Amino acid sequence: MLTAQQALEHLLSHAKPVAETEIVPMQATLGRVLAENVNSLVDVPPLDNTSMDGYAVRCADTSTPGQKLKIAQRIPAGSVGTELQVGTAARIFTGAPVPLGADAVVMQEDCAMSEGSVDHVQVNVVPQAGQWIRCKGEDLKTGKTALTAGTFLRPQELGVAASAGLTHLKVIRRVKVAAFFTGDELSLPGEPLKPGGIYNSNRDTLLACLRSLGCDATDLGIVPDRLDATRDALRKASKDHDLILTSGGVSVGEEDHIKPAVTAEGRLDLWQIAIKPGKPLAFGAVRKSESPKDGEAWFIGLPGNPVSSFVTFLLFVRPFILKLQGRETKLIPPYIMRADFDWLKADRRNEFLRVKINQQGGLDLFPNQSSGVLTSASWGDGLVDCPPGQAIHAGDLVKYIPFDALLT
């Protein structure tokens, strides 16, 4: 069996970023990936301005504490003052441009109104040149790169783009993923359960995972456990999608039709990965048509057990999609944390245990680690990456990966 690292490296060696781009309004780009470098249209800030409420002064006029200066002007944010004359100060407010002639700002806490005068200020400290002044263009300069191609656009990147004067951005188009789910035992919530049946939890879990990554996700529903139905679903899914994602049917039982269906419609690597939960994983591609020039859609088949499906999505599908999106695929570094539990039945596979951070700063273990118990993932804050053959004793330091880092 392949290790988790070997399987991930194999997937990522095949993934190539989507080539198509689109220009969209900036407010619609959250969670997208920038397709080209963008340059600032303006200097940010456009003028020297003050970072404090106080008084703009000339250092030459305030070389000793207690100097008294005439307040010659008042400059709120959004206004531009006149040149500061010798022996005067300007009352100034945060964000306002510093007037010509001034070379420092003294915050108001270090000043006092001159006794008996409303138009003079006493400067009680000796300022340093440049004090509390934000210089023109110190954040961005006109024509210089504000954001680079490949940047994942978070709220702070949209703020940078706005400060640079941009209204639209060229981004990589959304990755299109079709998902379907195999199993005659499956029903959708709201439908009556079949005899011996279960509700399909993987549908909502995986579609939500896809959408949380910014994918354009298409739900093709539940496919009957028949070879012809599985092949039909693959052909439909391949037409307008970059990736086909399935859950269930990747084992080698008589009712598992994914392997022969994908082999007939394209090509397939079928693996057993040395992890728990989530041993079976299928990877390959499905032809978009009989003509080779139309290309292929990637295929990833996940196990049917809900925790196995969820964990293998996080460990393998997520980084594969990130690479299709043109994003970084570096491994999420684990936190080293204290286990407040015993896990004494070491497995020969790499185990991923559902845990929760307790009030003492350690990790508690969900009592039932079965791959069918999805409440363990809802209860938990993340996973402990337990190496093959390793038991865990309370007090041991372990590698912890938070779900928050794996779901964004």
Side-chain angles (χ1 to χ4, degrees), residues 24-30 34 36-148 151-169:
V24 298
M26 190 173 65
Q27 284 300 311
T29 62
L30 182 65
L34 197 60
E36 63 181 8
N37 291 353
V38 293
N39 299 329
S40 182
L41 304 179
V42 295
D43 287 328
V44 182
L47 296 169
D48 292 354
N49 71 85
T50 176
S51 60
M52 286 285 180
D53 291 344
Y55 295 86
V57 300
R58 291 160 35 95
C59 287
D61 294 334
T62 53
S63 57
T64 58
Q67 291 285 341
K68 296 179 180 179
L69 303 173
K70 180 180 180 180
I71 303 172
Q73 53 184 308
R74 183 178 185 275
I75 313 174
S79 299
V80 177
T82 60
E83 185 172 357
L84 192 68
Q85 301 301 309
V86 174
T88 69
R91 179 71 168 113
I92 197 166
F93 298 89
T94 302
V98 175
L100 291 175
D103 55 5
V105 171
V106 182
M107 61 182 179
Q108 60 191 21
E109 292 86 349
D110 291 332
C111 299
M113 299 305 296
S114 290
E115 186 175 346
S117 174
V118 296
D119 60 355
H120 283 73
V121 63
Q122 179 175 305
V123 181
N124 294 323
V125 300
V126 175
Q128 300 295 315
Q131 176 178 294
W132 304 123
I133 294 176
R134 297 180 290 212
C135 296
K136 174 184 177 180
E138 72 174 32
D139 190 6
L140 294 171
K141 295 187 182 299
T142 302
K144 297 299 183 181
T145 300
L147 296 168
T148 58
T151 297
F152 178 68
L153 297 171
R154 303 168 297 173
Q156 52 266 51
E157 279 75 33
L158 300 194
V160 170
S163 70
L166 302 164
T167 61
H168 290 69
L169 298 174

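Predicted model, so just to flag it, every value in this text is computed and none were measured. All residue numbers in this chain count up from 1 along the given sequence.
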Please list all pairs passing the salt bridge (charged side-chain N to carboxylate O under 4.0 Å, His left out) test where one or both residues lie in residues 91-109, with sequence neighbours left out.
-> none
Can you list the steps and then say if Arg134 with Thr94 is a side chain to side chain contact (heavy atoms under 4.5 Å, CB included)?
-> CA-CA 10 Å; Arg134 297 180 290 212; Thr94 302; 4.2 Å; yes
Looking only at heavy atoms, what is the nearest atom pair of Asp61 and Gln67, with distance?
-> O-CG, 3.5 Å
OG1/Thr148 to CG/Asn37 distance, rounded to the nearest 0.5 angstrom?
-> 6.0 Å
Please check if the side chain of Glu157 supplies one atom and the backbone of Thr151 the other of a donor-acceptor pair under 3.5 Å.
-> no
What are the two closest heavy atoms between Phe93 and Pro76, and how far apart are they?
-> CD1-CA, 3.8 Å
CG of Leu84 to CD1 of Ile75: how many Å apart, nearest 0.5 Å?
-> 8.0 Å
Gln156, CD: over 12 other non-hydrogen atoms inside 6.0 angstrom = yes
Can you name the closest pair of heavy atoms from Ser163 and Leu140 and give their distance?
-> OG-CD1, 3.9 Å
Please round to the nearest 0.5 Å and tell me the distance separating atom CG of Leu153 and atom OG1 of Thr29.
-> 5.0 Å
Hey, are the side chains of Thr88 and Leu69 touching, using non-hydrogen atoms and a 4.5 Å cut-off?
-> no
Sequence neighbours left out, cut at 3.5 Å: what donor-acceptor pairs do the side chains of residues 125-133 make with other protein atoms?
unit_1 : atom_1 : unit_2 : atom_2 : d
Gln131 : OE1    : Gln128 : N      : 3.2
Gln131 : NE2    : Val105 : O      : 3.0

Partners meeting side-chain hydrogen bond (donor to acceptor under 3.5 Å, both in side chains) with Gln122 (sequence neighbours left out) | Asn124
What's the spacing between Met26 CE and Thr167 OG1 if we round to 0.5 Å?
-> 7.5 Å
Identify the two heavy atoms, one from Val118 and one from Met113, that lie closest to each other, and give their separation to 0.1 Å.
-> O-CE, 3.4 Å
Calculate, to the nearest 0.5 Å, the distance between atoms SG and CG belonging to Cys135 and Leu47 respectively.
-> 11.5 Å
Begin from the C-alpha positions of Gln85 and Glu83 and carry the test side chain to side chain contact (heavy atoms under 4.5 Å, CB included) through to its verdict.
-> CA-CA 6 Å; Gln85 301 301 309; Glu83 185 172 357; 4.2 Å; yes
Indicate the atoms forming the closest heavy-atom contact of Pro97 with Val80, along with that distance.
-> CG-CG2, 4.2 Å
When you measure from the side chain of Ser63 to the backbone N and O of Cys59, does any donor-acceptor pair fall under 3.5 Å?
-> no
Over all heavy atoms of both residues, which pair between Leu41 and Gly165 is shortest? Give the atoms and the distance, please.
-> CD1-O, 3.3 Å
Asp43 side, atom CG; Thr142 side, atom OG1 - distance, nearest 0.5 Å | 3.5 Å
Can you list the steps and then say if Thr62 with Val106 is a side chain to side chain contact (heavy atoms under 4.5 Å, CB included)?
-> CA-CA 10 Å; Thr62 53; Val106 182; 5.8 Å; no
